[in-house]
Amino acid sequence: MTVVAADLGGHPDQSMASPDPRNTRTVSWFGATALLPMIAAHVVGASVVDPVLDPISWYAFVPGGGEMILAGGVILAVLGLILTVRMYRTGLAVGPVPAAAMIVFAVAMVLVGAFPTDPPGTEASMSAIIHRVSAATAFCVLPVVGVSLERSIVRPRSSLPRSLRSAARALGIMVALFLVIHLSLVYLADSGIAAFGLIERVGFVIMIGYLFLLAATIDREGPDGRLDPLAALDGPGPSLALSGPRSADHVE
């Protein structure tokens, strides 16, 4: 009788599988696609909108600018919903909070483009109020998704969940400080933060970067990110190398 003992400890590469970066690739494609209309709006409105001082919403006043803003918002909304479905499929997300927060994010991103702001120097209309509240809401709910997902990962395989939690908290603090300072200046001094346009554009890039981190966490912590070596012991399979002097010891 021959007993074969698999040397799993000596071959970690056989019990580990490289994580499939499908979600990271998805964010790459959708993020790049969402940036294209923003870049196009910047080019078209270069002589009208100051990218340092003026908000992104003012691109709605250049030809085709409103449609470009709506396109970028819809693309990011769809991306958020795709990531939500995948985080639940992998079993990483539990409960209604992550889904509810991402749905709010998706709806807010669509409303940002569907309801344009008012021209400068005019009284705020209902459309402008919906636009501004939606933009703030989109940034406010994203940290909730990250924190909820990190808490549901009981046995992390990498440092990504911890990084996601730190990024979510940092983003939440930045958004809160920005809103407090900006709203205080508007109501008290009738003027907002200097270089508001630049800060808003940086925030847009940070949003996509945060979605990258969320996608990378799903890729690495999902069931396809690592094979369980104990599961392979339940029966013969291709993951066990049962031949050769380095992979098994034969005892007669």
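Predicted model only: the values in this text are computed from it and were never measured.
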Counting N and O atoms only, with roles assigned by atom type, does the side chain of [X] sit under 3.5 Å from a partner on the main chain of [Y], one being a donor and the other an acceptor?
| X | Y | answer |
| --- | --- | --- |
| Asp118 | Ser125 | yes |
| Arg165 | Pro161 | no |
| Thr117 | Ala128 | no |
| Arg157 | Gly222 | yes |

Quick check: do [X] and [Y] have side-chain heavy atoms less than 4.5 Å from each other?
| X | Y | result |
| --- | --- | --- |
| Arg201 | Pro51 | yes |
| Glu150 | Thr217 | no |
| Leu171 | Pro143 | yes |
| Ile208 | Leu35 | yes |

Identify whether [X] and [Y] are in the same connected component of the hydrophobic contact network (ILVMFWY, side-chain heavy atoms under 4.5 Å).
| X | Y | result |
| --- | --- | --- |
| Leu213 | Val202 | yes |
| Ile129 | Val110 | no |
| Trp29 | Val74 | no |
| Leu214 | Val147 | no |
| Leu142 | Met38 | yes |

What's the shortest heavy-atom distance between [X] and [Y], and which atoms?
| X | Y | value |
| --- | --- | --- |
| Tyr210 | Ala168 | OH-CB, 3.4 Å |
| Leu164 | Gly146 | CD2-O, 3.7 Å |
| Ala41 | Met68 | N-SD, 3.3 Å |
| Met102 | Leu81 | CG-N, 4.3 Å |
| Leu76 | Phe105 | O-CE2, 3.6 Å |
| Val112 | Ala135 | CG2-N, 3.5 Å |

Item to check | Intermediate values then yes/no, side-chain contact (heavy atoms from CB on, under 4.5 Å), Phe61 and Val48 | outcome: CA-CA 9 Å; Phe61 310 132; Val48 181; 5.7 Å; no

Item to check | Residue among Val145, Val27, Ile206 satisfying side-chain contact (heavy atoms from CB on, under 4.5 Å) with Leu211 | outcome: Val27

Checklist outcome for this item: side-chain hydrogen bond (donor to acceptor under 3.5 Å, both in side chains) pairs touching residues 84-112, sequence neighbours excluded, are Asn23-Arg86, Thr26-Arg86

Item to check | All salt bridge (Lys or Arg N to Asp or Glu O under 4.0 Å) counterparts of Arg25, not counting sequence neighbours | outcome: Asp20

Rounded to the nearest 0.5 Å, what separates atom [atom1] in [X] from atom [atom2] in [Y]?
| X | Y | atom1 | atom2 | value |
| --- | --- | --- | --- | --- |
| Ile218 | Ile153 | CD1 | CD1 | 8.5 Å |
| Leu53 | Ile199 | CG | CD1 | 10.5 Å |
| Phe139 | Met109 | CZ | CE | 7.5 Å |
| Leu92 | Ser148 | CG | OG | 13.0 Å |
| Leu83 | Leu79 | CG | CG | 4.5 Å |
| Asp219 | Thr24 | CG | OG1 | 4.0 Å |

